[in-house]
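Atom set for the values below is all heavy atoms of this structure, side chains included, hydrogens, waters and symmetry mates excluded. Throughout, residue positions are numbered sequentially from 1 according to the sequence presented.
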Amino acid sequence: MAEREAPAGDVDDVDAVTRAVLTASRLLVAVSARSLAEVEERVTLPQFRMLVVLSTRGSAKLVVLAELLQVAPSTAMRMVDRLIAAGLADRQTNPANRRETVLRLTDEGRRTVENVTSRRRAEISAIVERLAPDQRTALIKALATLNEAGGEPPAEETELHPLGWVDAPAGRGA
């Protein structure tokens, strides 16, 4: 059964707005999946998240990566081992504390993040180009409002949370 778009008169209807956002979410997930398709034999979505975190931080200790990704250190270690085996990351001695190791991207890992991100940006850009200028303006306002309500910082401010995995905001009135 096809989902209906919310008519203009339904904007106060939370269910209609929720359906519209879910449909947009499905579109963005599809774009993300297609952008990863070229590397999916080498990298899973959780592993790609780790690559993006490493690309924004430069290098990190395993425990920090686990915390940022909200996974157990043992899970992070398995992910790191797979990324190292794939040639996308490596371990180095921490110059600030020689008893510690830090993880960083290899050149291939950096290229992988750049390629996936570039494909995602290009596909989203192609979709946005199909909108009229007034629709683009309305979309910017609507998405900014939605992101603010969800506690998501603007893209240029997401160095510590590069893929939107920030803690969910507390419910209103909580």
Side-chain angles (χ1 to χ4, degrees), residues 18 21-128 143-172 174:
T18 299
V21 171
L22 284 172
T23 301
S25 173
R26 191 175 60 226
L27 169 67
L28 294 173
V29 167
V31 167
S32 294
R34 286 189 295 267
S35 71
L36 276 170
E38 196 171 295
V39 296
E40 71 184 342
E41 289 183 16
R42 292 178 60 198
V43 180
T44 65
L45 178 57
Q47 291 167 348
F48 183 72
R49 285 178 62 201
M50 182 176 279
L51 291 175
V52 171
V53 169
L54 286 171
S55 77
T56 59
R57 295 185 74 83
S59 64
K61 294 189 302 184
L62 179 70
V63 67
V64 171
L65 279 174
E67 188 176 294
L68 288 170
L69 297 171
Q70 299 176 349
V71 298
S74 60
T75 299
M77 178 60 84
R78 285 189 298 276
M79 290 168 61
V80 165
D81 289 343
R82 289 182 185 121
L83 292 174
I84 289 171
L88 301 171
D90 67 11
R91 288 183 183 94
Q92 292 186 331
T93 301
N94 184 350
N97 181 346
R98 299 199 51 81
R99 292 176 294 178
E100 296 177 340
T101 59
V102 292
L103 307 159
R104 69 173 186 90
L105 289 182
T106 60
D107 290 341
E108 180 66 19
R110 193 166 323 288
R111 279 191 300 275
T112 297
V113 171
E114 289 169 0
N115 290 340
V116 169
T117 302
S118 177
R119 283 193 301 276
R120 184 174 299 156
R121 177 179 285 279
E123 188 168 346
I124 290 172
S125 181
I127 292 167
V128 171
L143 290 175
T145 301
L146 180 67
N147 291 336
E148 185 178 326
E152 185 65 23
E156 63 273 3
E157 297 176 17
T158 60
E159 281 77 28
L160 295 180
H161 301 285
L163 290 177
W165 279 274
V166 295
D167 291 335
R172 293 188 188 262

Minimum heavy-atom separation for [X] and [Y], please, with both atom names.
X     : Y      : answer
Phe48 : Val116 : CZ-CG1, 3.4 Å
Ala66 : Ala76  : CB-CB, 3.8 Å
Ala60 : Leu54  : N-CD2, 4.1 Å

Legend entry - Verdict with supporting geometry, Ile127 and Leu27, side-chain contact (heavy atoms from CB on, under 4.5 Å): CA-CA 10 Å; Ile127 292 167; Leu27 169 67; 4.0 Å; yes
Tell me whether [X] at atom [atom1] has more than 12 heavy atoms from other residues, nucleotides or ligands lying less than 6.0 Å away.
X      : atom1 : value
Gln92  : CD    : yes
Glu108 : CD    : yes
Glu38  : CD    : no

| field | Check: Val53 and Met50 side chains under 4.5 Å, non-hydrogen atoms | value | no
So, does [X] use its side chain to make a donor-acceptor pair with the main chain of [Y] at under 3.5 Å?
X      : Y      : answer
Arg119 : Ser35  : yes
Thr93  : Thr101 : no
Ser55  : Val52  : yes
Ser125 : Arg121 : no
Ser32  : Leu28  : yes

| message | Any salt bridge linking Glu114 with Arg111? Criterion: basic side-chain nitrogen under 4.0 Å from a carboxylate oxygen. | response | no
- Can you check side-chain contact (heavy atoms from CB on, under 4.5 Å) on Arg104 and Asp90, steps first, answer last? CA-CA 6 Å; Arg104 69 173 186 90; Asp90 67 11; 3.0 Å; yes
Applying salt bridge (Lys or Arg N to Asp or Glu O under 4.0 Å) to Arg82 and not counting sequence neighbours gives none
Value rounded to 0.5 Å, distance of [atom1] in [X] from [atom2] in [Y]:
X      : Y     : atom1 : atom2 : value
Thr117 : Leu36 : OG1   : CG    : 9.0 Å
Leu103 : Ile84 : CG    : CD1   : 6.0 Å
Leu69  : Arg49 : CG    : CZ    : 5.0 Å

### Query
Stepwise, does the side-chain contact (heavy atoms from CB on, under 4.5 Å) test hold for Asp81 with Arg91?
CA-CA 10 Å; Asp81 289 343; Arg91 288 183 183 94; 2.5 Å; yes
Applying side-chain contact (heavy atoms from CB on, under 4.5 Å), run through Arg57 and Leu68 and close with a yes or a no. CA-CA 11 Å; Arg57 295 185 74 83; Leu68 288 170; 3.3 Å; yes
**Message:** Any donor-acceptor pair under 3.5 Å linking the side-chain atoms of Arg78 with those of Thr75?
**Reply:** yes
